[in-house]
Amino acid sequence: MAFFRNLGRSLMGGLGNNLSGLSSTSYEMTCSNFLSQQLRTFIQMRTVLKVVDNSGAKKVMCIQALKGKKGARLGDTIVASVKEAMPNGKVKKGKVVYGVVVRAAMQRGRCDGSEVKFDDNAVVLVDKQGQPIGTRVFGPVPHELRKKKHVKILTLAEHIA
């Protein structure tokens with residue numbers, strides 16, 4: 001849209017104005033794309049994630065991604081340390097737990113060509129067998145978890161994206 005607006009100005013007012021306006025607009029778009037790509041990476045060691053179940057933990061920090069060298073994506077299991085916890089919860093601060101990534105800021109392509117990405121990084125805490133510790137899951141959960149054999153988390157979720 002900005003290109004056509006500047007093109008109209010160049011026809012009426014001169015070519016120099018068009019080039020300066022077009023270059024600043026493309027520069028701004030390049031910077032914003034670079035910054036948005038900079039923030040969206042794998043969930044790797046020392047990434048702080050929000051816990052979206054009622055297990056008692058509020059925030060965890062990733063210790064290790066159990067699959068892949070780069071890090072974890074949607075549906076992958078991680079080992080994490082609890083950094084913030086509620087006083088009466090099942091999980092206490094400092095405990096090492098397993099978690100399944102249910103929301104990731106990094107975009108993930110789908111089979112139909114669309115891409116899914118979320119505003120935050122979030123996990124659901126599970127035990128060693130993969131069963132959720134909590135009894136409720138808050139917020140949207142992507143249906144890609146079905147392929148990763150986390151059907152129990154999908155049944156507890158209130159909204160499947």
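We number each residue from 1, following the sequence as shown. Just so it is clear, the values below take in all heavy atoms, side chains as well, and ignore hydrogens, waters and symmetry mates.
- Between T155 atom OG1 and H150 atom NE2 the span is 12.5 Å, to the nearest 0.5 Å.
- Looking at heavy atoms from C-beta onward, P132 lies out of side-chain contact with D53 at the 4.5 angstrom threshold.
- Taking each heavy atom of K83 and K93 in turn, the nearest pair found is O-CE, 3.3 Å.
- Remark: of the listed residues V91, V126, D127, V91 is the sole one forming a side chain to side chain contact (heavy atoms under 4.5 Å, CB included) with V97.
- Within a 6.0 Å sphere centred on CG of N88, other residues, nucleotides and ligands contribute 12 heavy atoms or fewer.
- Listed by chain and number, the residues in a side-chain contact (heavy atoms from CB on, under 4.5 Å) with K70 are F42 (sequence neighbours excluded).
- Under the 4.0 Å criterion applied to side-chain N and carboxylate O atoms, D120 and R103 are assigned as salt-bridge partners.
- Here the straight-line distance linking atom CD of Q64 with atom OH of Y98 works out to 9.0 Å at 0.5 Å rounding.
- Partners of D76 by side-chain contact (heavy atoms from CB on, under 4.5 Å), not counting sequence neighbours, listed by chain and number: K67, A72, R73, K148.
- For the side chain to side chain contact (heavy atoms under 4.5 Å, CB included) with L145, the lone residue among V100, I160, V151 that qualifies is V100.
- The line from SG of C62 to CD of Q44 is 8.5 Å long, rounded to the nearest 0.5 Å.
- Counted by atom type alone, N54 and T135 present one or more donor-acceptor pairs between their side chains at under 3.5 Å.
- The nearest pair of heavy atoms linking A104 to N121 is CA-OD1, 3.4 Å.
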